[in-house]
Peer 1: 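Here it is, the structure, as structure tokens.
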Amino acid sequence: SEMAKLLPVEENFLSKFQIRKNLTRQEFEKIWYHYDQDHNGTIAGAELDALIRDLYIKNNSEPPDMKTINEQREMIMRFADRDKDDRIRKEELGLFFSESRR
């Protein structure tokens, strides 16, 4: 299935965190390094889909379908991908988290 292409998730990694405006630097770093699986300094593709999936489950208590993941990806890219390179850099994700939790 398409969901199997996402990063393997035993539990919702984000359930360990309160995603909020005052996320500590250490909490943010843990989140970043969990989803930046290839450690290339950006989150894209399956990494981004896994982050979207976990954010969705954290807020809705059920997994999203691929249509929802695609819609959420478009929204996140529109607001977070400030340099329009089709990937999310650490600074962009930090700004997105702080702006979306106001």
Peer 1: Do you know the tightest heavy-atom contact between Ile57 and Pro63?
Peer 2: CG1-CA, 3.6 Å
Peer 1: From Phe96 CZ over to Ile76 CD1, what is the distance, rounded to the nearest 0.5 angstrom?
Peer 2: 4.5 Å
Peer 1: Does Lys84 have any salt bridge (Lys or Arg N to Asp or Glu O under 4.0 Å) partners at least two apart in sequence or in another chain, and if so, which?
Peer 2: none
Peer 1: As an exercise, state the distance from CG of Leu51 to CG of Asp36, rounded to the nearest 0.5 Å.
Peer 2: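 Between atom CG of Leu51 and atom CG of Asp36 there are 11.0 Å.
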Peer 1: Considering non-hydrogen atoms only, spot the tightest contact between Lys90 and Trp32 and give its length.
Peer 2: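 Reported closest heavy-atom pair: N-CH2, 3.2 Å.
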Peer 1: Can you name the closest pair of heavy atoms from Pro64 and Ile69 and give their distance?
Peer 2: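 Here Pro64 and Ile69 meet closest at CG-CG1, 3.6 Å.
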Peer 1: Closer than 3.5 angstrom, by distance alone: can the side chain of Asp81 be matched with the main-chain N or O of Asp85 as a donor-acceptor pair?
Peer 2: yes
Peer 1: Under the criterion side chain to side chain contact (heavy atoms under 4.5 Å, CB included), which of Ile43, Leu48, Ile52 is the partner of Tyr35?
Peer 2: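 It is Ile43; the other options fail the test.
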Peer 1: For a 4.5 angstrom cut-off between non-hydrogen side-chain atoms, does Phe79 reach Glu74?
Peer 2: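 A side-chain contact under 4.5 Å is absent here.
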Peer 1: Which residue, Arg73, Met77, Glu71, Gln72, forms the side chain to side chain contact (heavy atoms under 4.5 Å, CB included) with Met75?
Peer 2: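 Among the candidates, only Gln72 passes.
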Peer 1: Looking at CG of Asp65 and CG of Asn70, how far apart are the two atoms once the value is rounded to the nearest 0.5 Å?
Peer 2: 9.0 Å
Peer 1: By salt bridge (Lys or Arg N to Asp or Glu O under 4.0 Å), which residues pair with Arg78, not counting sequence neighbours?
Peer 2: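 Per chain and number, Arg78 pairs via salt bridge (Lys or Arg N to Asp or Glu O under 4.0 Å) with no residue.
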Peer 1: Mind checking the OG1-CD spacing from Thr68 to Glu62? Nearest 0.5 Å is all I need.
Peer 2: 9.0 Å
Peer 1: Suppose we screen for salt bridge (Lys or Arg N to Asp or Glu O under 4.0 Å). Which residues come up paired with Arg89, at least two apart in sequence or across chains?
Peer 2: Asp83, Glu91, Glu92
Peer 1: To the nearest 0.5 Å, what is the distance between NE2 (His34) and CD (Glu47)?
Peer 2: 10.5 Å
